[in-house]
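Please read these numbers as outputs of a predicted model, since none were measured by experiment. Below, chains carry the letters A, B, ... as their sequence lines are ordered, and counting in each starts from 1.
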Amino acid sequence: MDTILRIDVGAKGGPKAVTQPVGPYAGLGGRAMTSTVVCTEVPPDCHPLGPENKLVIAPGLMSGSAASTSGRLSVGCKSPLTGGIKEANSGGTGAQALGRLGYAAVILEGERPKGDDWYKVVISKDGVSIVKDNSLRMLPNYDLVERIKAEHGDQVTVISIGTAGEMRMANSTIAVTDVEMRPTRHAGRGGVGAVMGSKGIKCIVVDPEGTTIRHPANPEAFKAANKAFVEGLKRHGVTGQGLPAYGTNVLTNILCEAGGYPTYNFKEGRFPDADKISGETQAQIEIARGGLATHGCHRGCAIQCSGTFVDKDGNFVTKQPEYETVWAHGGNCGISDLDAIARMDFLDDTYGLDTIEMGVTIGVAMEAGVIPFGDAAGAIRLVQETGQGTPLGRILGAGAAATAKCYGLERAPVVKNQAMPAYDPRAVKGIGVTYATTPMGADHTAGYAVATNILKVGGFVDPLQPGGQAELSRNLQVATAALDATGFCLFVAFAILDQADTFQAMVDTINAMYNLSMTADDVVALGQDILTKERAFNTKAGFGPAQDRLPRYFSRESLPPHNVVFDVPEKELDSVFAF
Amino acid sequence: MALTVKCYATLAEHSPPEGETPHAEGHTVADLLAELRIDPAEVKVIFVNGLHAGLDQPLRDGDRVGLFPAVGGG
């Protein structure tokens, strides 16, 4: 991975590809690469959809090697949703394919010429070609992938935008195909699809044919470390049993039990019909109908948290909807019909919409009276209107904060305009600190304090008390930023937080790959460096302490059943990045 | 005298019928696990009335107990 591919979409005669040595960005992967390029090359005060913004796509440091569970792909830019820096990352087969082809990053840059031309980029071992193909215009992701399959076969990766990205909606994703070549994996958050759309690139086809797996510098040490790492993942209860058996949606019941499951647009902390949409119920349905409850989004995953959701007749509906999706379209909207939720998951994937932002937006629309809470058919219609770009759909596609503004509501559960995920910050205060302070806007993956607040992974910090949450969030945000650079899936964190030997095995794998001698301290320094750069970008983009806050109503309106408000002192919020 | 008890994920088979079990005065979470034939080593997270609790927590009539193995996601 020593090459950077730049595509100047404003070049005379159409987009032009140039490859160059990785140069000053050597040694960077994933989020470290995307955030460093964005900080270095994108003016923080630019418009996210303007020619000065860039879209950076980077495999993790270990992607494309034999390192287990290392298929994460980072996508970075200035976010159309938050106005700050963004790194959204995705599973699927894209990171491995790009890594094997030797690309450390693909950067889309420049000013799209006037008009409405759409381009397809094809990357293979023979080089890069860019083809104008307006017949792809407004194709949803699933239809697009079928077209690509007919032309390029079923062994390629498609990185694409659906209709939402083409319409440059603030809620729009970049899809990445999985092992079955379905567009089920998404760089979901922050409207990254709109930036790709603003560059006029509909899709990037990555063909790894003829490439080999990336070889480690020290094969013997690599093999031993990777083996110990996999053994550690299998040994831990979460990565070895819970996630493969029930998927991420195993969280529904435990968050409800804890009283931290945001229900009816963040008004209550328990959903009465949780058992109808829980991971246990979902896995049971999938198995009974002939779907799959255990499945990996890329080859070489030791966790296999996904699955396949089929209808009553056994026909494919969507991949196993994630916890966040089931919550956003389910409990948050008072909906308890798993088939309707699965349908919305498919629609989100095919239109290229972030399921969290979409579900929270529907919750806001329900609060506004557009449709009633619990109206599954109405919710499906709202997702369709969004993907089709009707006037109402355009409002919804601008996200939860914009929708609340359009309907004159205070209650938009957002930070930096990005919708909060499936944990109420009043009853899970550590995640509230992460929502408030991460440079990404409300994002659970930026520092998953739920692990320590609720799941008793990595120790225990009482979720209902304000003390200790800032320190918890700080440590997790630093560790996560570093992990996001490696290409390892964030879910390895459950094992490495609890098992020191598994953490060491992961570090040893990186060291053996690159002939390094990194220590735990170096990992911390890497995470701090990434966060420092991202914070500096946001500061120059106009963000300050006032934006590192939850909406006021979370401190004013209490959440049943514990009747708690968010009460972590502002001084502590402002201490999170005091490394 | 009764407790509401829910066992989740791999512990689900231990849930009492109708989700309720009789409660004897002075019993703790550990006693409850013994009654339900659950190995304490299998239990990672315990809630009593939505609050994290330990094995030695005394239970009271009407308490809502939730028992979980190691689970995670995100």
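Both the backbone and the side chain of A:Ile454 come within contact range of chain B, each with at least one heavy atom under 4.5 Å from a heavy atom of that chain. Looking at A:Glu280, only its side chain comes within 4.5 Å of chain B, counting heavy atoms on both sides. Interface residue A:Leu455: backbone and side-chain heavy atoms are both found under 4.5 Å from chain B. Heavy-atom distances place the side chain of A:Pro463, and not its backbone, under 4.5 Å from chain B. Using a 4.5 Å cut-off between heavy atoms, B:Phe47 touches chain A through its side chain atoms alone. Contacts between A:Ala258 and chain B at a heavy-atom distance below 4.5 Å involve backbone atoms as well as side-chain atoms.
Contact check for B:Pro40 versus B:Leu55: side-chain heavy atoms found under the 4.5 Å cut-off.
With no hydrogens or angles considered, a side-chain donor-acceptor pair links A:Thr325 and A:Thr355 at under 3.5 Å. Side chains of A:Ser306 and A:Gln320: no donor on one and acceptor on the other come within 3.5 Å. For the residue pair B:Asn49 / B:Arg64, no side-chain donor-acceptor distance below 3.5 Å is found, with atom types taken as modelled.
The only member of A:Trp327, A:Tyr261, A:Phe271 that meets ring pair (Phe, Tyr, Trp, His ring centres under 6.0 Å) when paired with A:Phe266 is A:Trp327.
Options A:Tyr323, A:Tyr246, A:Tyr448, A:Tyr423 differ in how many heavy-atom pairs under 4.5 Å they form with chain B, and the most are formed by A:Tyr246. The candidate from B:Val45, B:Leu51, B:Val71 with the greatest count of non-hydrogen atom pairs under 4.5 Å with chain A is B:Val71. When the candidates A:Asp462, A:Asn253, A:Val250 are compared by the number of heavy-atom contacts under 4.5 Å with chain B, A:Asn253 comes out ahead.
Classification of A:Asp498 and B:Lys44 as a salt-bridged pair holds, one side-chain N sitting under 4.0 Å from a carboxylate O. Taking 4.0 Å as the cut-off between side-chain N and carboxylate O, B:Glu20 and B:Lys6 do not count as a salt-bridged pair.
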